[in-house]
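Heads up: numbering here begins at 1 and tracks the sequence.
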Amino acid sequence: MPTNSAQTLYENQRYELIKQLEEGGHENPEVYLDGAGIPTMGVGFNLLVPENVIEILSNGFGISDRILAQDLQAEALAIKSEYDAAISAYKVANPKTSAMTDAAWNNNAATSALG
């Protein structure tokens, strides 16, 4: 089992690699929807996972208030709900044609919802 310092080094290096691959080396401080429509922050932290929200607030912003974590998670759920509604509205307004694959239709809907 790795020592605490070895584990910390590994986690730091893993984070830096993910940051390089996903965000071009910069942390994204904005809440955004990832490719699957999941409210996300930083370098891919899913805001629908309560533990991620608490970690972001605590380690990223120095806030340890559980109420704020719950508020941020509620906001993430609201964003996800709006995204899902936009997907549904797009699909109603733009029915899938026989020449279109499900993947293409879903991608068009997601692009429209994120736009």
Side-chain angles (χ1 to χ4, degrees):
M1 179 157 183
T3 65
N4 193 22
S5 61
Q7 182 68 26
T8 300
L9 178 61
Y10 162 76
E11 289 173 359
N12 289 341
Q13 288 177 339
R14 180 184 65 189
Y15 179 82
E16 290 301 318
L17 176 63
I18 292 169
K19 186 167 71 172
Q20 287 295 323
L21 295 173
E22 292 201 5
E23 299 296 333
H26 303 285
E27 294 162 340
N28 186 348
E30 303 293 322
V31 174
Y32 61 94
L33 296 174
D34 71 5
I38 297 170
T40 306
M41 188 174 207
V43 292
F45 291 102
N46 179 341
L47 295 178
L48 298 178
V49 177
E51 293 80 17
N52 289 350
V53 174
I54 291 167
E55 285 297 318
I56 288 168
L57 288 173
S58 177
N59 295 321
F61 297 99
I63 300 169
S64 60
D65 188 336
R66 198 152 184 79
I67 299 299
L68 288 176
Q70 291 169 345
D71 289 347
L72 184 57
Q73 186 181 19
E75 184 66 23
L77 290 170
I79 291 169
K80 175 71 170 141
S81 178
E82 289 176 21
Y83 173 80
D84 290 343
I87 292 282
S88 295
Y90 176 89
K91 288 184 172 183
V92 168
N94 302 281
K96 182 179 158 236
T97 65
S98 59
M100 186 178 288
T101 65
D102 285 343
W105 190 43
N106 290 330
N107 185 50
N108 290 346
T111 300
S112 173
L114 292 173

| said: I'd like to know if M41 and I79 are part of one continuous hydrophobic network [Ile/Leu/Val/Met/Phe/Trp/Tyr, side-chain heavy atoms within less than 4.5 Å]. | reply: yes
| remark: Value for CG (N46) from NZ (K80), rounded to nearest 0.5 Å, stands at 9.5 Å
| note | Between K96 and M100 the two heavy atoms that sit nearest each other are CE-O, 2.8 Å
| task | Give a yes or no on whether the backbone of L48 and the side-chain of Q73 come within a donor-acceptor separation of less than 3.5 Å. | result | yes
| Of all heavy-atom pairs between P95 and V92, which one has the smallest distance, and what is that distance? | CD-O, 3.9 Å
| message | Main chain of N107, side chain of T111: is a donor-acceptor contact present, judged purely on distance under 3.5 Å? | response | yes
| message | Quick one: does any side-chain atom of S88 pair with a main-chain N or O of D84 as donor and acceptor, under 3.5 Å? | response | yes
| query | side chain to side chain contact (heavy atoms under 4.5 Å, CB included) with A113: which residues, sequence neighbours excluded? | reply | Y83, A86, I87
| query | Could you state the interatomic distance from CG (L33) to CD1 (I38), rounded to the nearest 0.5 Å? | reply | 9.5 Å
| field | Criterion side-chain contact (heavy atoms from CB on, under 4.5 Å) on L47 and V31, from CA distance to verdict | value | CA-CA 9 Å; L47 295 178; V31 174; 3.7 Å; yes
| request: Could you tell me whether a side-chain N or O of W105 sits under 3.5 Å from a main-chain N or O of T97, the two making a donor and an acceptor? | output: no
